[in-house]
Structure formats: C-alpha cells, structure tokens
**Student:** 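Before we start, here is the structure in question, set down as structure tokens.
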Amino acid sequence: MTNVTFNASFSFDICSINFTDMKYIIVGAVAGGASTAARLRRLDEHAEIIIFEKGAYISYANCGLPYYIGNVITDRNKLFVQTADAFNQRFKIDVRVQTEVIGVNADEHTIKAKNLVTGQEYIEHYDKLVLSPGAEPIRPPLPGINNEGIFTLRNVKDTDYIKAYVDRKSVKKAIVIGGGFIGLEMAENLHRLGLEVSVIEMGNQILAPVDYPIAAMVQQHLRSKGVDLLLNNAVTGFERNGEKLIVNLKTGNSLDADVVILSIGVKPDTRLAVGASLEIGEARGIKVNEYLQTSNANIYAVGDAIEFANPITGQPLVTYLAGPANKQGRICANNIVLGNVQKYNGSINTAIVKVFDMTVAAAGTAVKHLTHADIKHIVSTTHNGAHAGYYPGAGQMTIQIAFSPKTGQLYSAQIAGYEGVDKRIDLLSSVIKRKSSIYELIELEHAYAPPFSSAKDPVNMAGFVAENILLERLNIFYWNEMDKIGTADILLDVRREDEYKKGSIGNAINIPVDEIRNRLHEIQKEKNIFIYCEAGLRGYLAQRILLQNGFSSVQNLSGGYKLWKAATEEVNYATSLQMLNT
C-alpha cells in the first residue's frame, strides 16, 4: 500500500484508485506542460497522454539561451533537457512537436491541431485538458520593427537566428531594449563576444522586480563594465541606413546598431483560453482556482499563462519563472488524477540573475508594490561580507528586507552582491513563503566556516537589525528622506576623518564613533540628530551612546553612506541626462 500525503490533514492511498482509460491532452511542453505529463504518467500508467508543442523541442533550458549566444555554453545539445523520442520511450507519451493547437471546443471536449510541417489539420478528443501555452514576447507595432537584425529571444529558434546573424554579419554594435533579467543577460553575453553594447530602458531603473536603491548599485556596476545604459528612454521606431539599424528615441535622439534585441517583456498567451470561453483574470492571465483548474472543470492550466493571488498582497499575479511552472505541473497532475486534492499556494517570485561580476536576487513583494497595495511596512538595509572578513575575497553584499511593523512578518528580500547571494536569498525566500517573521532570521542556523560565511551570517545580521528597529532600540531614516533634516537639526557623520574627507553628505559634522563619548559636549541635546556611517553599524553604536546619555531625538541612516551615495548618484545622473535631452 502506498499513501500519498499532500498536507498534514490529507493522506491518500494511491493503490486504491480505480483507473479507467483516460485521455489527457497537454498543450505546450517545456516546463509546466512536460512536468504535468511526466507526473500524469507516474500516477496513471494506463492513460493515453498526448503533448502538443508548436516548437521543434519539447524541453529545453530556456534560461540558458543567452549563455549559448555568449559562448559560455559551447555545446548546443546541452540546452536540451529531453527530446521527444526519449520522452516517449521513457514515459510512453505521444509527443507531437511542430504541431500547434489552434482551437479548443470545451463543450465537445475536443481540440483542433495543425501540423506545421505538412499543414494537416485534425481533431482530437480529451477527457482532461491542460493548457501550458506559456507567454509570448511583447513586440509593439513600432515603425520599422520588422527590419532585418531586430530579434526577440524566447526559444531555441530565436537563439539560432541571433547567433547565426551575429557570426555572419560580423556585428560590432548591439542595442538591447529592456533592462529586465533577460535583457541584462543578453547585454552581458553580447559584451562577452566583444560587442559594444547599449541598454535602453523606458523606466527610471533596470530590474523592475527590485527597488531603486538595489537597482542603483547594479546600474553603476553595468556602467563600470562599459555598457551604455540609457534610462527613462522610450523607443519610437527603427530605420535602415545601409548595413546599420537606426533606433529612434522619444527624446529625439537616435542610436545606430548592427543588431537589436527586443527584451521589452512578455505577456500570457491566452488565445486558446479566450477561444474556449475560459475566464481571463484582472492580470490578463488564465484565471485558475487553488487547484489550477480553469473556469471549465475539465480544463486545467499551468505556467506563464496563468494568474493567481499574490500570497502577500492578495492581488492577481502572473509569474514568468521555470521553478513555479514545474511545481504547478506536478500539483496539476495530482489534482487531475486524484480529484483536486492539492492546493497551489502561489509564488512569491523568487528570482536571481548574474550581471557581469554581480549577482542580484529578490523574493516576495518589493517595497514599491507594498506601498501601492497600502500594506504598512518597515524597510531595513544592511551590508555584510559574504564570508569571514579575514578570509580572502570577502566581497560585500547588500540585503534589503521589508517587514510588518506589528508582527515582523517578512514581506520581501532583495540582495545585490557577489558570491553567496544565492544561498542567502533561498533562506530568506523560505521565511517569506511560510509567512514567518524577522525573528526567525535571528535564529536561522547556517553552515559556518571562514570560506563560506561568518559566525553571524548576513541573514542573521539582517534579522538582528530588524529586531532592533521593532523594539525601538534603533530609529532609522532613509536615503531619500534628507529633506526632513531642517536647518536647526544636526547631521552627524561618525566615520573616521579620512573617510569623511573623501566624501560626505551635505553639511554634516564629523565626530568618529570612537571619539563620541568624549565629545558629547559638542552636540546639543535639544536638537534633532541624524547620524550616518558607511554601512549603518557605527551609526547604530553612536545612536545607542547618545540615547543613553540624555539625547532624545536620534535617527540613523538605514544602509549608511554607501546606499545613499549609490542611489543619489543615479538620481543625479538621470537628472543631468534629462536636462541635456531637453
């Protein structure tokens, strides 16, 4: 007897299932669809299972495509996780590649398919249907967008076109439109090939899932690598001038390039769902219930095309990540075979990206989205070494967390750093996912040895600082709140004198933290005092000294001078460019 347990209150004896000859059809393979199919077969050996995939490949490493273009991955075959023949042989699943499902008749339980090689169209009946059509690249109807040399990157076919074009045309100059994850990965890999690369982003920052201060650090790193980054710039159209492409901008300026990569974003592919009269949600994805069932009881959906409630805000959300899609496939198959026994609890969009030498990661709901959803929160930023400072190569990482001012529930985490970012975001993500609090960060037990961490891990340190804020042992202000400092207030720099001389904020006075006890008489107790140091720790120590010596109004700059400098430099850079363009 085999018992399957999906949660603490439900256990199912899989051997008691009375299987009948069911026919399952899955539209779309890659992550969600292939995962659903494989799980269906493991649960039901006797069912007829058909996968329709309009592309030539059933399962490939979508996230690896930019690295193949950049010759980081040199063997094209390494991109393919599974072939149609191998999938059929192992799972006895009828895989029909280069075959597009062009219609669904939900009333008659049929789909209409078209073989893209022969042009043949035919009908197939199903008992249960799974839609996994994915998302499609946004390709706005701009003048000249169909010119040769303008590409999107979504699948292996796109990759082959781009790689062949770059090699054949001896490309020297590339423009990437869009500063999202894929856009930045493409920028890095084209730069790796020796191309001069520009990134054009319509928003005021790259990496929309993260907040401005974290993005600011990455933007400065990009520029340090020689990438030309143009923010607050919209593309109005394209022209051909001989062998060159001309990219026209809303500012009136234009850039020339040999190749253009469109990475503006994607949108859920809901065409089949709309044709089948399935409900489409507020986020324009296929609306599913907690069992991944659409508005039609016999049709389920998974992957990039579906929407569900954000676990933190409760608002409709579409996520374009392989991890959630694979998990959805497994849950979907369980519910199809066993009868809606396992709930999908949503995704907190845990994601990570390599940007040249830096790594950037995020989980949960960004501060800007918490604000928009009117969810009260506190933000805290800390800087720590990836491992013990005395062990060589201890690069700094910046961790920003947002949490509830009442319960300490962790809402989001963002990290910009070098090594060790991946394992920290995974720890933080697990806490967010379980709706646990910053108090758990304090207790998290990590593996420690000097090459890997410190006795107090950066995640622990983020928890310590957050606890101090909640317990009002630490009062903070933020990099963009300098205007709250009045002319009668004191801005106090507690770094060493040599650090202060290299750069400071406004009219700050300098009293190093190690001297502050002996120089209390220089600070007026009745004043509002705003303290900063390089990263925040020395400012906290100075604040504790002052508060316990009769000073009543003392605040410390969260993230310190380091965060303030990165964010304000980017603001000033954007402002100066805007002035030039006007």
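Just so you know, these numbers use all the heavy atoms, side chains as well, and skip hydrogens, waters and symmetry mates. Computed from a prediction, not measured in an experiment: that's the story for all the values here.
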**Student:** Taking the side chain as C-beta and beyond, is there a heavy-atom pair between Pro140 and Ile145 under 4.5 Å?
**Tutor:**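 They are in side-chain contact.
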**Student:** At what distance, to the nearest 0.5 angstrom, does CG of Leu321 lie from CD1 of Ile352?
**Tutor:**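 Nearest 0.5 Å value for the CG-CD1 distance: 12.0 Å.
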**Student:** Please determine whether the number of non-hydrogen atoms from other residues, nucleotides or ligands lying under 6.0 Å from atom NZ of Lys267 exceeds 12.
**Tutor:**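 No, not enclosed.
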**Student:** Is the CD atom of Glu243 crowded by more than 12 outside heavy atoms at less than 6.0 Å?
**Tutor:**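 Result for CD/Glu243: open.
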**Student:** Between Gln293 and Asn335, do the side chains contain an N or O donor and an N or O acceptor separated by less than 3.5 Å?
**Tutor:**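 Side chains of Gln293 and Asn335: no pair found under 3.5 Å.
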**Student:** For Arg90, I'd like to know if atom CZ has over 12 heavy atoms of other residues, nucleotides or ligands within 6.0 Å.
**Tutor:**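 No, the 6.0 Å shell around CZ holds no more than 12 heavy atoms from other groups.
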**Student:** Do Arg41 and Ile49 touch side chain to side chain, with heavy atoms closer than 4.5 Å?
**Tutor:**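 When only atoms from C-beta onward are counted, Ile49 and Arg41 do touch, with a gap below 4.5 Å.
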**Student:** Do Ile25 and Phe52 come close enough that some side-chain heavy atom pair is under 4.5 Å?
**Tutor:**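 Yes. Closest side-chain heavy atoms under 4.5 Å.
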**Student:** Distance check, rounded to the nearest 0.5 Å: Tyr24 atom OH versus Glu48 atom CD?
**Tutor:**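 Answer rounded to 0.5 Å: 11.5 Å.
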**Student:** Within a radius of less than 6.0 Å around NE2 of His372, do more than 12 heavy atoms belonging to other residues, nucleotides or ligands occur?
**Tutor:**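 At most 12 heavy atoms, drawn from other residues, nucleotides or ligands, come within 6.0 Å of this atom.
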**Student:** Is Glu196 atom CD crowded by more than 12 heavy atoms from other residues, nucleotides or ligands, each under 6.0 Å away?
**Tutor:**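 Open.
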**Student:** Check the side chains of Lys343 and Asn289 for a donor-acceptor pair under 3.5 angstrom, ignoring hydrogens and angles.
**Tutor:**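 The answer is no; no qualifying pair exists.
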**Student:** Using a 4.5 Å cut-off on heavy atoms from C-beta on, say whether the side chain of Leu278 contacts that of Thr270.
**Tutor:**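 The answer is no; the side chains never approach within 4.5 Å.
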**Student:** Below 6.0 angstrom between ring centroids: does that apply to Tyr126 and His109?
**Tutor:**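 Judged by ring-centre distance (under 6.0 Å), Tyr126 and His109 do meet the cut-off.
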**Student:** Can you check ring pair (Phe, Tyr, Trp, His ring centres under 6.0 Å) on Tyr57 and Phe80, steps first, answer last?
**Tutor:** CA-CA 8 Å; Tyr57 308 100; Phe80 302 108; 4.5 Å; yes
**Student:** Report yes or no: do Gln328 and Tyr344 form a side-chain donor-acceptor pair below 3.5 Å?
**Tutor:**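 Short answer, yes.
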**Student:** When you measure from the side chain of Asn326 to the backbone N and O of Ala322, does any donor-acceptor pair fall under 3.5 Å?
**Tutor:**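 Flag set: sc Asn326 to bb Ala322 pair under 3.5 Å.
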**Student:** Could you tell me whether Lys114 atom NZ has more than 12 heavy atoms of other residues or ligands within 6.0 Å of it?
**Tutor:**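 Count not over threshold, so no.
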**Student:** Would Arg39 pass as a cation-pi partner of Phe91, given that its NZ or CZ must be under 6.0 Å from the six-membered ring centre and within 45 degrees of the axis?
**Tutor:**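 Not flagged: Arg39 not positioned over aromatic ring of Phe91.
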**Student:** Mind checking salt bridge (charged side-chain N to carboxylate O under 4.0 Å, His left out) for Lys92 and listing every partner two or more places apart, or none if nothing turns up?
**Tutor:**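 Per chain and number, Lys92 pairs via salt bridge (charged side-chain N to carboxylate O under 4.0 Å, His left out) with no residue.
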**Student:** Does any non-hydrogen side-chain atom of Glu100 lie less than 4.5 Å from one of Glu53?
**Tutor:**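 Not touching, per the 4.5 Å side-chain cut-off.
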**Student:** What's the spacing between Leu428 CG and Ser412 OG if we round to 0.5 Å?
**Tutor:**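 Here the rounded value is 9.5 Å.
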**Student:** When you measure from the centre of the six-membered ring of Tyr300, is the NZ or CZ of Lys128 closer than 6.0 Å and no more than 45° off the axis?
**Tutor:**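 No; the conditions do not both hold, so Lys128 does not lie above the ring face of Tyr300.
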**Student:** Just checking, any donor-acceptor pair under 3.5 angstrom between side chains of Asn248 and Thr236?
**Tutor:**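 No, no side-chain donor-acceptor pair sits under 3.5 Å.
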**Student:** Answer whether the closest heavy-atom distance between the side chains of Tyr212 and Lys368 falls below 4.5 Å.
**Tutor:**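 A side-chain contact is absent here, since even the closest heavy-atom pair is not under 4.5 Å.
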**Student:** May I ask you to check whether over 12 heavy atoms, not counting those of Lys250, lie within 6.0 Å of atom NZ?
**Tutor:**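 No.
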**Student:** Tell me whether Lys112 at atom NZ has more than 12 heavy atoms from other residues, nucleotides or ligands lying less than 6.0 Å away.
**Tutor:**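 No, the 6.0 Å shell around NZ holds no more than 12 heavy atoms from other groups.
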